[in-house]
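Okay, structure first, notes after.
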Amino acid sequence: MPKKPRLSFDMEKELDQLTAGQLKEFVKLVCTSEPRIKELLRDFVTVKPAQLVLDDYRHKYQSIIINALDDDDRLDWYQAETLHKELLDFISFDVTGLVAQGKYDDVFELTLGLLLELYELGEDYDELDPGVILERCSKIWKRAIGKLNPLQKHKVLESIMKSLVNCHYYNTGDFQAGLKDLLISRFKDKKFHGKLRDFFKAELMAAQQKDGNQVSRHQLQALDYLRLLEAISKDDKEIGDFIARYWHCFTIREHVANQALANKDYDRAALILEANLKEGGLTRRQIDDQVTALKEIYLKTGNVKDLLGLLERIVVEYTPGNLEAYRELKGHFTPSEWEKKSRSIIARLPKLANIARIFREDERYDDLMAYVIKKDGLNDLIKYEAILGPLYPNQVVAKYVQEITRQVANAKSRNQYKDLAKLLGRLGKYDKGKAEASKIIASWQETYSFKPALMEEIAKVKID
């Protein structure tokens, strides 16, 4: 029977005075031993609740887990997952106790401090997912915030702002967004307006002073300030002036476009979305979002002319060779009209676009065969061989011979030799390919006789 793991100290008596080494010893046992260790700790919590107020939690069990995650001796995924679950369990346990005592402001202090530490660790610890704990904490905040008295609410407001300032040093985008949503949605009382304005304005000004690689942060801060104004300001002119001043920010334009969509002002939304696409400099995701929204507008309004123009730009410019958009566009033309239109589209496609699937879609097999011959490698030939092989056997055989001869010069491993042998087998399935495959094998047996692995692999080739 295996020996049960033991602690070198009495946990129930010495938890208040554990050394750093003992803390790590404790964590390893939490991760690797039977549930009794965790049960003992929960018993300790139950028996001595007075010792587990906010400060004790922050400096004992939480510190144990944080120290373990931050240790140079990295934990494996199972240990990290176990510790992660422990944090979730103990957050719920401690918050329950604080709420029972009416200490709602301490709930925020506990969860905000813990989350910030976890996000700091999460930058270098892939297994750690602070987002799971953020989701749990968000639910706790929404329940607790409505029960704060005025003094507690001021204290919580200061805690949230302080956390937002501190978390700029880490990759905490979702954490910041969650806290700012909380500020904007839950602190609408007029007595908080001055502090909120000052804080959001300072955030925006600080972001503007950053260098070029912080442009996205500047745009996000501008949107945050606009959302705040919309929540607390009754001055439409103030809001309009801010939008005009920061219209260069994509986030502001996108926000206004979304509002126009919500209000069914499709003309205004379409103008903004089209302008965004023409201006350029967008990410792939931003382009996709603009295109999707525009397409929905044109479909809802029956604007076929602009819809066709958008589909054509999708195929040629935004996602070159997009087959779905190509098919949709094709459905609006007669066969004779499409013959001319498709050639115009293909002529404007960039070199890296996947034109092969467009040729396949239109059954333009002469063009497809010509494209495959010019393209390096055999990927496209093998992909469309079921179609091209019976129609153009001589050209297919010539392409195989060309690529096999080229590839053998750089082949150095058995896996590469196996791949070449497979290609020779494919070549040998064609009437004219049999002779070519036999000729290549004979040539290699003479030229590459010093490569026994290659000789072994080509000896296995069966030419039908």
Side-chain angles (χ1 to χ4, degrees), residues 173-174 176-178 180-181 183-185 196-197 200-201 203-205 207-208 210 212-322 324-326 328-329 332 345 348 350:
D174 51 349
Q176 294 180 56
K180 287 183 177 179
D181 284 342
L183 290 178
I184 292 170
S185 63
L196 289 173
R197 281 176 179 272
F200 278 82
K201 190 178 227 178
E203 291 277 283
L204 177 57
M205 294 301 104
Q208 285 178 327
K210 298 293 182 182
N213 62 6
Q214 294 291 327
V215 172
S216 60
R217 183 182 163 209
H218 160 58
Q219 296 201 11
L220 289 172
Q221 299 289 6
L223 177 59
D224 288 337
Y225 195 86
L226 174 58
R227 290 173 56 231
L228 175 69
L229 289 179
E230 290 172 341
I232 69 173
S233 177
K234 296 181 180 180
D235 187 346
D236 291 340
K237 184 176 184 304
E238 179 186 18
I239 295 173
D241 288 346
F242 182 86
I243 290 173
R245 182 178 177 186
Y246 287 93
W247 191 249
H248 62 280
C249 294
F250 171 79
T251 52
I252 298 297
R253 300 195 303 272
E254 184 180 46
H255 181 75
V256 175
N258 288 337
Q259 287 182 323
L261 280 172
N263 296 327
K264 297 185 179 180
D265 187 352
Y266 297 126
D267 290 341
R268 176 166 171 74
L271 282 173
I272 296 171
L273 295 168
E274 287 281 13
N276 286 343
L277 289 169
K278 287 178 182 177
E279 184 170 315
L282 304 184
T283 66
R284 174 79 269 149
R285 181 175 178 179
Q286 289 170 340
I287 290 173
D288 290 344
D289 288 345
Q290 308 306 292
V291 166
T292 300
L294 265 176
K295 188 176 173 183
E296 290 178 1
I297 290 172
Y298 294 148
L299 287 171
K300 282 181 179 178
T301 58
N303 188 342
V304 177
K305 180 182 176 182
D306 286 336
L307 174 62
L308 297 185
L310 175 63
L311 291 171
E312 188 168 341
R313 279 182 284 143
I314 293 172
V315 175
V316 175
E317 184 180 349
Y318 303 141
T319 54
N322 185 305
E324 182 181 349
Y326 187 83
E328 188 173 351
L329 184 61
H332 290 271
I345 290 173
R348 289 180 286 135

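Ring geometry, His218 versus His248: the interplanar angle falls under 30°, so the pair is classed parallel (tilted spans 30 to 60°).
The line from CG of Leu228 to CD of Glu203 is 11.5 Å long, rounded to the nearest 0.5 Å. The CG atom of Asp306 sits 11.5 Å away from atom CG of Leu299, with the distance rounded to the nearest 0.5 Å. Rounding to the nearest 0.5 Å gives a distance of 9.0 Å between OH of Tyr246 and CD1 of Ile252. Taking CD of Glu274 as the reference point, atom CG of Leu277 lies at 6.0 Å (rounded to 0.5 Å). Atom CG of residue Leu294 and atom CG of residue Leu273 lie 4.5 Å apart, to the nearest 0.5 angstrom. One distance of note links CD of Glu230 with NE2 of His255; it measures 3.5 Å at 0.5 Å rounding.
Between Arg284 and Asp288 there is a salt bridge, with a side-chain nitrogen of the basic residue lying less than 4.0 Å from a carboxylate oxygen of the acidic one. A salt bridge links Arg227 with Asp224: the distance from a Lys NZ or Arg NE/NH1/NH2 to an Asp or Glu carboxylate oxygen falls below 4.0 Å.
For the pair Gln290 and Arg253, the minimum side-chain heavy-atom distance is 4.5 Å or more. Contact check for Glu254 versus Leu223: no side-chain heavy atoms found under the 4.5 Å cut-off.
Of all the heavy atoms in Asn322 and Val315, the pair that sits closest is O-CG2, 3.7 Å.
A 6.0 Å sphere centred on CZ of Arg285 holds no more than 12 heavy atoms belonging to other residues, nucleotides or ligands. By the 6.0 Å contact criterion, CZ on Arg268 is open, its count of non-hydrogen atoms from other residues, nucleotides or ligands being 12 or less.
With Ile297 as the fixed residue, the side chain to side chain contact (heavy atoms under 4.5 Å, CB included) test singles out one of Leu307, Leu261, Asn303: Leu261.
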